[in-house]
Amino acid sequence: MAEDEAVDPIRPEFPTARVKKIMKLDKDINKVNSEALFLVSCSTNLFLRFLAERTAEVAAEKKKKTVKLDHLRTAVKRHRPTSDFLLDSLPIPAESTQSVARFATDRDRSRSVGDKSAPAGTRRIDHFFRKPENEAPIQINDA
C-alpha cells in the first residue's frame, strides 16, 4: 500500500538556527514556532528559486551567459508584487551610479552653496551654527 511506505520528510535548505535568528530581529516576535520556522524557510526557498529563474530568463533574452544586477533589476521590475517591496532595496548598477554622480557634481558646481535646498524634514548644517534670534545671550559667571 502507498500509505505504508516511508516518506522522506521535507527539510528546509536554509539553516534553521539562522532563519530563526533573522525572524527574532523583529521586536514583535518573542518565540518562533517550529511550523512557522519551517514555512518561512520553505517560502524563502521558493521565492529565491522564482527570482533566480526570472533573472536567468532575462539574461537568456539578452543572450548573456552571466547573470548580472541589471538582469535581476529587470526581472524584479517585470513582476509587480516583487517590485513593490524589493526594487528599492536593490543597489543601483555601477554604470548608472557613475553617470548620476557625474551629473550631480556638474549640477552642484553650477549652483552656489546658498541656493541648494535641503530635502524635506532636514536642515542644512549651517542652520545649527546660527545664533537664535529670539533667545537671550548666555552669560557665563566666572567665580
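Along the sequence shown, the residues carry numbers beginning at 1. Note that this is a predicted model, so its numbers are computed, not measured.
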(request) With side chain to side chain contact (heavy atoms under 4.5 Å, CB included) as the test, would you mind laying out the steps for T74 and K62 before giving the verdict? (result) CA-CA 11 Å; T74 304; K62 295 185 177 187; 4.0 Å; yes

(request) Mind checking the NZ-CG spacing from K20 to L25? Nearest 0.5 Å is all I need. (result) 13.5 Å

(message) Let me confirm one number: the CG-OG distance from L46 to S41, rounded to the nearest 0.5 Å.
(response) 11.0 Å

(request) Compare every heavy atom of A59 with every heavy atom of T66, then report the nearest pair and how far apart it is. (result) O-CB, 4.5 Å

(message) Starting from V76, can I reach F47 by hopping between I/L/V/M/F/W/Y residues whose side chains sit under 4.5 Å apart?
(response) yes

(message) Could you go through L48 and F14, starting from their C-alpha distance and side-chain angles, then the distance that decides it, and tell me whether this counts as side chain to side chain contact (heavy atoms under 4.5 Å, CB included)?
(response) CA-CA 11 Å; L48 288 176; F14 296 108; 3.5 Å; yes

(message) I need the E13 CD to T44 OG1 distance, nearest 0.5 Å.
(response) 11.0 Å

(message) Could you report the tightest heavy-atom contact between V32 and K24, atom names first, then the distance?
(response) CG2-CG, 4.0 Å

(request) Quick one: closest heavy-atom pair of F85 and P81, and the distance? (result) CD2-O, 3.4 Å

(message) salt bridge (Lys or Arg N to Asp or Glu O under 4.0 Å) for E57 and R78? Distances and angles first, verdict last.
(response) CA-CA 12 Å; E57 289 172 7; R78 288 182 183 174; over 6 Å; no

(request) Say whether I29 and I22 are linked into one hydrophobic cluster, either directly or through other cluster members, by side-chain heavy-atom distances under 4.5 angstrom. (result) no

(request) Decide yes or no on side chain to side chain contact (heavy atoms under 4.5 Å, CB included) for V58 and R54, but give the supporting numbers first. (result) CA-CA 6 Å; V58 171; R54 294 290 174 106; 5.8 Å; no

(message) How long is the straight-line distance from NZ of K77 back to CG of L90, given to the nearest 0.5 Å?
(response) 9.5 Å

(request) Check whether any side-chain heavy atom of L72 lies under 4.5 Å from a side-chain heavy atom of V67, and answer yes or no. (result) no

(message) Go through it in stages, so that I can follow the logic: the residues are L86 and L51, the test is side chain to side chain contact (heavy atoms under 4.5 Å, CB included), and I'd like the CA-CA distance, side-chain angles, deciding distance and then a yes or no.
(response) CA-CA 11 Å; L86 187 61; L51 201 56; 3.9 Å; yes

